[in-house]
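Quick caveat, the model's predicted, so the values are computed rather than measured.
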Amino acid sequence: MKFDWNAFFEFLPRMLEAAVVTVEVSVLALGFACLLAPPLAVARMIGPLPLRLLVAAFVEVVRGIPPLLVISFVYFGLPAIGLVLNGFWTGVAALTIVGAVYAVEIIRSAIDSLGRGQREAALALGFPLWRTYLELLFPQALKRILPPLTNELANVIKASALLSVISVHEIAQVGNALIFETFVVVEIVVQMTLLYLVIVGVLSHLSRTLERRLAH
């Protein structure tokens with residue numbers, strides 16, 4: 001079978017537009033997840049018992065189900081409580097939840113690995129417990145957080161392909177639609193693969209750059 005370069009370049013503009021949507025959804029979800037995860041991790045570790053149990057249950061439930069079910073819960077659940085979002089923002093909300101719960105566990109493990117001495121010393125100097133975790137322990141644990149967090153965030157980007165089920169015009173949705181419209185398969189699948197590799201590759205490069213800067 002001959003690779004059709006004409007078809008490849010004919011469909012490339014539409015696929016690039018879809019890649020922009022994938023990047024927008026992913027960047028927003030990753031940003032919100034990174035903002036949400038630290039306070040949730042601290043709440044799980046040192047919050048009042050009901051709050052610890054609530055956060056732990058939320059994390060375990062979301063980690064225990066496929067991301068597609070999280071998307072379905074958000075897509076059908078939010079309108080049921082009067083909050084109606086379009087497909088784009090529904091996708092951002094769902095991927096934020098998925099990314100945040102995995103980040104919570106990564107942050108918790110990294111802070112636990114610092115040992116009890118750091119925490120006890122800060123408390124002995126009069127630091128409030130919440131400030132001890134957010135301002136002292138979390139920055140120290142950041143080097144240990146970054147590598148596994150990058151892996152999980154890359155998984156969130158790949159999970160954005162599931163948003164095709166709620167008609168978000170990202171790479172997988174547009175690529176599949178083009179395949180059904182034109183019956184051109186190989187060229188479009190190659191485009192989809194290359195676009196995901198580029199997006200995840202850029203994220204990995206930025207993460208390694210940040211790791212090197214934190215190491216100095």
Side-chain angles (χ1 to χ4, degrees), residues 1-36 61-103 149-209:
M1 183 176 63
K2 186 178 179 181
F3 191 86
D4 188 346
W5 286 103
N6 290 329
F8 182 87
F9 288 109
E10 179 184 352
F11 301 130
L12 188 57
R14 287 180 64 181
M15 292 301 296
L16 289 176
E17 290 178 6
V20 171
V21 175
T22 294
V23 171
E24 289 175 343
V25 171
S26 300
V27 168
L28 286 170
L30 297 180
F32 289 138
C34 289
L35 290 175
L36 190 60
V61 168
V62 174
R63 291 178 67 202
I65 61 176
L68 183 58
L69 281 181
V70 179
I71 294 169
S72 298
F73 275 117
V74 174
Y75 187 68
F76 294 108
L78 291 183
I81 60 173
L83 183 56
V84 179
L85 302 176
N86 61 23
F88 180 90
W89 286 106
T90 298
V92 171
L95 295 182
T96 296
I97 292 171
V98 173
V101 297
Y102 283 98
L149 185 61
T150 301
N151 290 334
E152 289 304 330
L153 297 185
N155 289 333
V156 169
I157 293 174
K158 288 180 275 188
S160 67
L162 299 172
L163 300 180
S164 60
V165 300
I166 56 174
S167 300
V168 176
H169 298 303
E170 45 69 56
I171 294 173
Q173 195 273 342
V174 172
N176 288 327
L178 283 172
I179 289 173
F180 286 115
E181 288 173 14
T182 63
F183 300 104
V184 175
V185 178
V186 175
E187 290 78 4
I188 293 174
V189 170
V190 169
Q191 286 181 357
M192 294 164 68
T193 304
L194 291 175
L195 289 171
Y196 279 118
L197 287 175
V198 168
I199 294 170
V200 174
V202 169
L203 171 67
S204 299
H205 173 72
L206 293 175
S207 173
R208 285 193 295 271
T209 302

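Residues Thr182 and Ile188 form a side-chain contact, since some pair of their non-hydrogen atoms from C-beta on lies under 4.5 Å apart. A heavy-atom distance below 4.5 Å is found between the side chains of Ile179 and Val189.
Distance check: Glu17 CD to Leu12 CG gives 10.5 Å after rounding to the nearest 0.5 Å. Summarising the geometry, atom OG1 belonging to Thr90 is positioned 9.0 Å from atom CG belonging to Leu163; distances are rounded to the nearest 0.5 Å. To the nearest 0.5 Å, atom CE of residue Met15 and atom CG of residue Leu178 are 6.5 Å apart. Here the NZ atom belonging to Lys158 is positioned 14.0 Å from the OG1 atom belonging to Thr22, to the nearest 0.5 angstrom. Between atom CG of residue Leu16 and atom CD of residue Gln191 there is a gap of 7.5 Å, rounded to the nearest 0.5 Å. Separation of atoms CD1 (Ile199) and CD1 (Ile157) is listed at 7.0 Å; rounding is to 0.5 Å.
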- Task: Let me see the working for Val70 and Phe73 under side-chain contact (heavy atoms from CB on, under 4.5 Å), right down to the final yes or no.
- Result: CA-CA 5 Å; Val70 179; Phe73 275 117; 5.7 Å; no
- Message: Using side-chain contact (heavy atoms from CB on, under 4.5 Å), reason through Phe3 and Val190 one step at a time and then give a plain yes or no.
- Response: CA-CA 10 Å; Phe3 191 86; Val190 169; 3.9 Å; yes
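Counting all heavy atoms, side chain and backbone alike, Phe88 lies closest to Val168 at N-CG2, 4.0 Å. Taking both residues in full, the closest heavy atoms of Ile166 and Gly91 are given as CD1-N, 4.1 Å, listed atom of the first, atom of the second, then distance. Listed here is the closest heavy atom pair of Ala159 and Leu95: CB-CD2, 4.1 Å. Annotation for Val174 and Arg14: closest pair CG1-O, 4.0 Å, computed over non-hydrogen atoms. Scanning all heavy atoms of the two residues, the minimum distance from Leu36 to Ala100 falls at CD2-CB, 3.9 Å. Residues Ser164 and Glu170 come closest through the heavy atom pair CB-OE2, 3.4 Å.
Residue Tyr75 qualifies as open at atom OH: its count of foreign heavy atoms under 6.0 Å is 12 or below.
A donor-acceptor pair is defined here as one N or O able to donate and one able to accept, closer than 3.5 Å; no such pair exists between the side chain of Ser160 and the backbone of Val156.
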